Protein chains: 2
Amino acid sequence: MSSSLPPTTEGTPPGAGAGASTPAFSPLYQQIKGLILHSLQHGEWKPGEAIPSEMELAARFRVSQGTVRKAIDELAAENLVMRRQGKGTFVATHAERQVQYRFLKLLPDTGDARVEGPAQRTILECRRMRASAEIARTLALRTGDVVVQVKRILSFVGVPTILEDIWLPGQAFKGLTAEQMAHYQGPTYAMFELDFGVRMVRAEEKIRAVFPDETQAQWLNIPVATPLLSVERLAYTYNDVPMELRRGLYRTDTHHYHNELS
Amino acid sequence: MSSSLPPTTEGTPPGAGAGASTPAFSPLYQQIKGLILHSLQHGEWKPGEAIPSEMELAARFRVSQGTVRKAIDELAAENLVMRRQGKGTFVATHAERQVQYRFLKLLPDTGDARVEGPAQRTILECRRMRASAEIARTLALRTGDVVVQVKRILSFVGVPTILEDIWLPGQAFKGLTAEQMAHYQGPTYAMFELDFGVRMVRAEEKIRAVFPDETQAQWLNIPVATPLLSVERLAYTYNDVPMELRRGLYRTDTHHYHNELS
DNA sequence: GAGTGGTCTAGACCACGCG
DNA sequence: GCGTGGTCTAGACCACTCA
């Protein structure tokens, strides 16, 4: 409702004296994109729901449909919304059949993933604790802030394949239990959306080859001298706020990490 | 010149009798995109060169500028061309400063890559041979077809970090020498463009954790019991034609494989 | 100042999904 | 048949680059 924006040459704030001269011209559709993003962040429309039609948004923001269209195009390209012709534009969610396990790039060497079905989850641990300096820094918390730590095993066709440690900000994940982690059907990230209103939007991974320690080897039921993929993932919500640190050990004797470059 | 296409509802070829009823409606801008792609493939404009302006292309294909624009937008999104405001649209190349080593995702753990500078290359081997069944299948050749095999080491600040085997179709890479591999300044893929007219457009990687064999360990100057990243890359030119198989062993004690998910 | 890509608009029509 | 997103057009104006 705070609208009626003419094509503003915004940027360079009023008091920008001798600073760096970034012209910072912001096209209208970017401003519209920002407004839609704001509504997304603040839960005006929930994951899976439809957002207003392009015509409605155009009317709301007093711009043409084409401008709204371009804003939504970018949001769709970033996987924040999903367009479906004839139906509408929907807030993206990790709960959809098609794009389930969007962030899991481990595939079986032969055959397709669907045949294996989803992973079986074994929760080893789920506790609240104070963040170490390292964890705190990574999650943009203060040392000693409460975090939830979850340790779990993912098995495919009965074979333990992934051993994961997950750290979550305690504040946003109040009341997360081992039962919840174990019994929710579908991707963990879908449960995060549903039960905690936390939507993971993008992530970065750092991958190395390592050995497990003795405990880890036992959990995965392998010799300590097995080379494993160490996958450290930092997942972000809107606005580049880190919300999950995940350290995984992947067996790669029957599976591989798959990546597309372009 | 073979133009003047009205918005054609093409697809469903004339003789498509009882087959699957894929409606396959193809929008005009997709057809334009196809035409531009065809010119790209056939070298009408070389890597680094500008393609005709949007207006020119619109005139050539007898469509509006907006339609050409949308076609080019997609090509730009796929990294096949690069737009530069005020200058024009350019055929993408691996030779550009900014996006150099586009397909190499190994980064130093601390500091940025620029400080390290480009890798030093040591060519261990460069020979023509007959393709094994496996190599042939992967490169879509026939068993026994000639391939070029290159074995090399990439070192960062003097430390051997990557050991690579590269296989290339012999036909397209006639006359490739070890000297060429060693002495070309800049990305290998830039040399492929310049000297052989082969542009790598996308790639897929399969990543595993493995041990080196004894020879490999010697080349990398590490114990055989060092866990390494095995990175198998299949790189494609236009039209999804595979043109390079690359098997790399990456040390990850000082570097890591970096990936962005969204 | 000419030329290029980038933005914005307004209106027409098309393909799709659903009642 | 209606509403949604998707395509296409034509024209105006803006920002950037370079001579």
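Predicted, not measured: the structure shown is a model, and the values here were computed from it. Atom set for the values below is all heavy atoms of this structure, side chains included, hydrogens, waters and symmetry mates excluded. Just so it is clear: chains get the letters A, B, ... in the order the sequence lines come, proteins before strands, and each one is counted from 1.
Residues meeting the ring-ring contact (aromatic ring centres under 6.0 Å, His included) test with B/Y238, sequence neighbours left out: none. Checked against ring-ring contact (aromatic ring centres under 6.0 Å, His included), B/H94 has the following partners two or more places apart in sequence or in another chain: B/F103, B/Y189. Partners of A/S39 according to the side chain to side chain donor-acceptor pair (under 3.5 Å) rule, which considers only residues two or more places apart in sequence or in another chain, are A/E44. Not counting sequence neighbours, A/Y101 has no partner by the ring-ring contact (aromatic ring centres under 6.0 Å, His included) test.
In terms of heavy atoms, A/W45 sits closest to A/E49 at CA-OE1, 3.6 Å. Of all non-hydrogen atoms in A/P108 and A/H256, the two that sit nearest each other are O-CE1, 3.8 Å.
For D/dC8, neither phosphate oxygen OP1 nor OP2 lies less than 4.0 angstrom from any side-chain nitrogen or oxygen of B/T67.
Looking only at atom types and distance, the side chain of B/R152 has a donor-acceptor partner in the side chain of B/T188 under 3.5 Å away.
Regarding B/K33, its NZ atom lies at a distance of 12 Å from the P atom of D/dT7, rounded to whole Å. Per the geometry, CZ belonging to B/F61 stands 13 Å off P belonging to D/dT9, to the nearest Å. A/Y29 places its OH atom 12 Å from the C1' atom of C/dC8, with the value rounded to the nearest Å. Going from atom CD of B/Q65 over to atom P of D/dT7 covers 18 Å, rounded to whole Å. The distance between atom CD1 of A/I51 and atom P of D/dG3, rounded to the nearest whole Å, is 19 Å.
With respect to A/R233, the side chain to side chain donor-acceptor pair (under 3.5 Å) criterion is satisfied by exactly one of A/E204, A/E164, A/E205, A/E244: A/E205.
Out of C/dG5, D/dT7, D/dT4, the shortest distance to the side chain of B/S53 is found at C/dG5. Of all nucleotides listed (D/dG5, D/dT4, C/dG6), D/dT4 comes nearest to the side chain of A/E56.
For the segment residues 68-77 of chain B, residues with any heavy atom less than 4.0 angstrom from an atom of DNA chain C are, sorted by number, B/R69. Listed by residue number, A/R83, A/R84, A/Q85, A/G86, A/K87, A/G88, A/T89 are the residues of residues 78-91 of chain A with a heavy-atom contact under 4.0 Å to DNA chain D.
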Begin with the C-alpha distance, continue with both residues' side-chain angles, and end with the deciding distance and a verdict on side-chain contact (heavy atoms from CB on, under 4.5 Å) for B/L154 and B/L106.
CA-CA 12 Å; B/L154 301 183; B/L106 197 70; over 6 Å; no

